[in-house]
Amino acid sequence: MGIVHIPIHTMSDTHEPSMETIISLAKRRGFVFPGSEIYGGLAGTYDYGPLGVALKNNLRNLWWRIFVESRDDMYGVDAAILMNPKVWEASGHVTGFSDPLIECKKCKHRFRADQVKTKPKKDKEDNLVRDEEVWICEHCGSKNNMEEPQQFNMMFKTHAGASEDAMTVYLRPETAGGIFMNYKNIIDSVHPKFPFGIAQIGKAFRNEIAPRDFIFRLRELEQMEVEYFVRPDEWEQAFEQWRIMMHEYAQAIGIKDSTLHELEVLPKDRAHYSKRTIDFEFDYPFGRKELWGLAYRTDFDLSAHEKGSGVELKYLNEVTKEKFTPHVIEPSLGVDRTVLATLLSAYRQDEMGNEKRVYLAFPPIIAPIKAMVSPLLRNKPELVEKARSVYKDLKKVIPQIMWDDNGNIGKRYRRQDEIGTPFCITIDFDTLGEKPELKDTVTLRHRDTAQQERMSITNVISVVRDAIQGITSS
Ligand code: GAP
């Protein structure tokens, strides 16, 4: 049963969407909403709706599958967000996790000093004054009217306990802290062979001076992190291994190589714990900026926690009796920036039947909804009954499917295109046996090409299942 070609369809164009387009689609279709919106929102916070949750789950699960389950040397943890504050004293975050802050003397607005807009200074004759710049307040426009920059610590503080002198604790600024706290637990409980890594996915909190660009710079964010413990002389090869794995993940979630760029971070710009960092930068509509990071954290953290806690954190090889402080390679991926990069990468616009069509070309493995099932006509009970039974059978095997019998079939297809559903399955009179040779067959429509195939219900189930397992693509 061959493929039905749709002659009115022109091939997809990789239209680059603006941030406004993505933000509006994300809100309209239930991916991402501004946080506490009816109260005017809260800067740096966003809520994920039904499709956003499904997309995030798929991105996390695939990350876990690639970074943890595909290997024999990885162990998962889910550490508490609140930790003893000594953790952050030892790690250097209490003194060093800060951004330079600058305040406008006139309007008192505060900015990140490294992001304040400047203009070259000119004299009365309009000649450039060498090495001098004019600082302009983005809020009130006043010029060269700023306080001296000061360091602003970005950790959120709260209190643990009900007493007057309750302990000040921090909301973790990176999930890594919880991983280091469990290094000894993993050694003592699982007895891993060396080298090995610990992975964690979870929320982190940063009181960013200037949250911006939708879900790019948030105050409440989510990270997928690995701390991989190696012998000191093996860090370079491990660094390379994880670098390649990050590219594999990017490819699997539909981020094109041409939009992903490695930036070797200069020593002066690296975090206090890192001796080498590569930023994986992505071409966002607002410029080329960091998506993920890969750092060589040396033995900075384990040594600092050994000193801070007084508990030995060296690794002892029981066979050779060799003892050393492991060094650490850390691939760190923000979930929210990954969501943003996948939405931007998937966005497509083309023309069908002289009408503009928008679709999200998600790889099936991360698509929030894998397939939509629909009766050709909603007012024919026999079609609806058969479609319901196909839907029920498919849902047992593939839970992420949707029922839609609203409006005409063309409109249903467009709605699914816009949320990135790779397959639409339609039950028509041939399914019921109007043409006996086509009984129990359905049409399977492919999102990207809009081509339709006729096939048996059993075959549909295996085509959809294979596609979401990455065996074939739509
Ligand atoms: N443990 C290492 C670490 O936290 P980082 O470069 O500060 O390193 C890692 O953060 C990743 O977390 C970034 O590459 C980005 O994906 C994400 N991230 C960091 N700050 C963020 C923010 N304010 N909003 C959203 N994502 C953020």
Side-chain angles (χ1 to χ4, degrees), residues 60-81 83-84 86-88 90-91 172 174-204 222-249 252 271 273-278 292-333 335:
R60 285 197 211 99
N61 290 343
L62 186 59
W63 182 86
W64 196 262
R65 200 189 298 171
I66 294 177
F67 281 69
V68 181
E69 290 170 350
S70 76
R71 306 176 56 112
D72 297 323
D73 56 356
M74 290 296 302
Y75 304 90
V77 294
D78 184 7
I81 288 175
M83 286 187 267
N84 189 309
K86 287 183 182 155
V87 171
W88 304 112
S91 68
R172 65 183 178 203
E174 55 170 3
T175 61
I179 296 184
F180 289 118
M181 285 308 99
N182 284 286
Y183 163 79
K184 190 172 174 336
N185 290 333
I186 295 292
I187 299 235
D188 293 345
S189 60
V190 186
H191 310 289
K193 282 212 193 85
F194 216 79
F196 71 94
I198 305 179
Q200 173 165 234
I201 300 179
K203 291 267 186 168
E222 193 169 352
Q223 293 182 315
M224 309 183 278
E225 297 201 298
V226 165
E227 307 302 323
Y228 192 70
F229 301 96
V230 296
R231 302 161 69 95
D233 58 346
E234 285 173 350
W235 76 268
E236 277 164 304
Q237 121 199 18
F239 194 92
E240 191 55 22
Q241 244 184 45
W242 288 104
R243 192 176 72 78
I244 292 167
M245 198 157 267
M246 289 167 83
H247 281 286
E248 278 172 19
Y249 180 64
Y273 49 70
S274 173
K275 269 222 173 124
R276 184 180 178 199
T277 299
I278 289 180
W292 306 322
L294 175 64
Y296 168 40
R297 287 181 83 127
T298 67
D299 60 349
F300 176 88
D301 299 270
L302 288 185
S303 297
H305 290 308
E306 186 171 276
K307 198 160 157 229
S309 65
V311 175
E312 188 177 273
L313 296 174
K314 293 188 176 56
Y315 182 82
L316 171 70
N317 183 325
E318 297 289 353
V319 182
T320 61
K321 300 295 170 210
E322 180 195 18
K323 205 180 200 187
F324 59 93
T325 305
H327 282 218
V328 169
I329 304 300
E330 179 197 61
S332 176
L333 293 81
V335 177

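Here the structure is a predicted model, which means the values were calculated and not measured. What you see below is based on every heavy atom in this structure, not just the backbone, and it leaves out hydrogens, waters and symmetry mates.
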- Message: When you compare the side chain of D73 with that of K193, does any pair of heavy atoms fall below 4.5 Å?
- Response: no
- Note on the structure: Nearest heavy-atom contact between P192 and I187 is CD-CA, 3.7 Å
- Message: Can you confirm whether P232 sits close enough to D299 that some side-chain heavy atom of one is under 4.5 Å from a side-chain heavy atom of the other?
- Response: no
- Can you name the nearest heavy-atom pair linking Q223 to A204, along with the distance? OE1-CB, 3.9 Å
- Taking all atoms of both residues into account, what is the closest heavy-atom pair of G177 and M83, and its distance? C-CE, 3.9 Å
- Taking atom CZ of F324 and atom CZ of R231, what is their separation to the nearest 0.5 Å? 5.0 Å
- Find the distance between OG (S309) and CZ (F180) and round it off to the nearest 0.5 Å. 13.5 Å
- Query: Below 6.0 angstrom between ring centroids: does that apply to Y315 and F229?
  - Reply: no
- Item | Value rounded to 0.5 Å, distance of CD1 in I66 from CE in M246 | 12.0 Å
- Determine whether H305 and K184 make a side-chain contact, defined as any pair of heavy atoms from C-beta on separated by less than 4.5 Å. no
- Query: Can you name the closest pair of heavy atoms from N317 and V319 and give their distance?
  - Reply: OD1-N, 2.9 Å
- Message: Just verifying a value: how many Å separate H327 NE2 and Y296 OH, rounded to the nearest 0.5 Å?
- Response: 4.5 Å
- Message: Given 3.5 Å as the limit, does a donor-acceptor pair link the side chain of R172 with the main chain of K203, or not?
- Response: yes
- Query: Can you list the steps and then say if Q241 with R71 is a side-chain hydrogen bond (donor to acceptor under 3.5 Å, both in side chains)?
  - Reply: CA-CA 12 Å; Q241 244 184 45; R71 306 176 56 112; 3.1 Å; yes
- Message: Please determine whether the number of non-hydrogen atoms from other residues, nucleotides or ligands lying under 6.0 Å from atom CG of D233 exceeds 12.
- Response: yes
- Can you find a heavy atom in the side chain of T298 that is under 4.5 Å from one in the side chain of Y273? no
- Heavy-atom pair of closest approach, residues I198 and N182: CD1-O, 4.0 Å
- Task: Please report the C-alpha distance between H191 and E318 in whole Å, then the side-chain angles of each, then the deciding distance to 0.1 Å, and finally whether the side-chain contact (heavy atoms from CB on, under 4.5 Å) criterion is met.
- Result: CA-CA 11 Å; H191 310 289; E318 297 289 353; over 6 Å; no
- Check whether any side-chain heavy atom of F239 sits under 4.5 Å from a side-chain heavy atom of I278, and report yes or no. yes
- Can you tell if the side chain of W235 reaches within under 4.5 Å of the side chain of R276, non-hydrogen atoms only? yes
- Query: Is there a side-chain contact between I186 and F196, using heavy atoms and a 4.5 Å cut-off?
  - Reply: yes
- Task: Report the distance from atom NZ of K323 to atom NZ of K321, rounding to the nearest 0.5 Å.
- Result: 10.5 Å
- Task: Please assess L313 against T325 for the test side-chain contact (heavy atoms from CB on, under 4.5 Å), listing each intermediate value before the final yes or no.
- Result: CA-CA 7 Å; L313 296 174; T325 305; over 6 Å; no
- Take the angle between the ring planes of Y249 and W292 and call it parallel below 30°, perpendicular above 60°, tilted in between. tilted
- Task: Using a strict cut-off of less than 4.0 Å between a Lys/Arg side-chain nitrogen and an Asp/Glu carboxylate oxygen, indicate whether R297 and E174 qualify as a salt bridge.
- Result: yes
- Item | NZ/NE/NH1/NH2 to OD/OE distance under 4.0 Å, K314 and E306 | yes
- For V226 and W63, run side-chain contact (heavy atoms from CB on, under 4.5 Å): C-alpha distance rounded to whole Å, both residues' side-chain angles, the deciding distance at 0.1 Å, then the answer. CA-CA 11 Å; V226 165; W63 182 86; 3.8 Å; yes
- Item | Distance-minimising heavy-atom pair for V230 and F194 | C-CE2, 3.2 Å
- Determine yes or no for a side-chain-to-main-chain donor-acceptor pair under 3.5 angstrom, with Q200 supplying the side chain and A79 the backbone. yes
- Query: Got F67 and M74 here, is their nearest side-chain heavy-atom distance under 4.5 Å?
  - Reply: no
- Task: Walk me through it: do T175 and I201 pass the test side-chain contact (heavy atoms from CB on, under 4.5 Å)?
- Result: CA-CA 7 Å; T175 61; I201 300 179; over 6 Å; no
- To the nearest 0.5 angstrom, please state how far the CD atom of E240 sits from the CZ atom of R243. 4.0 Å
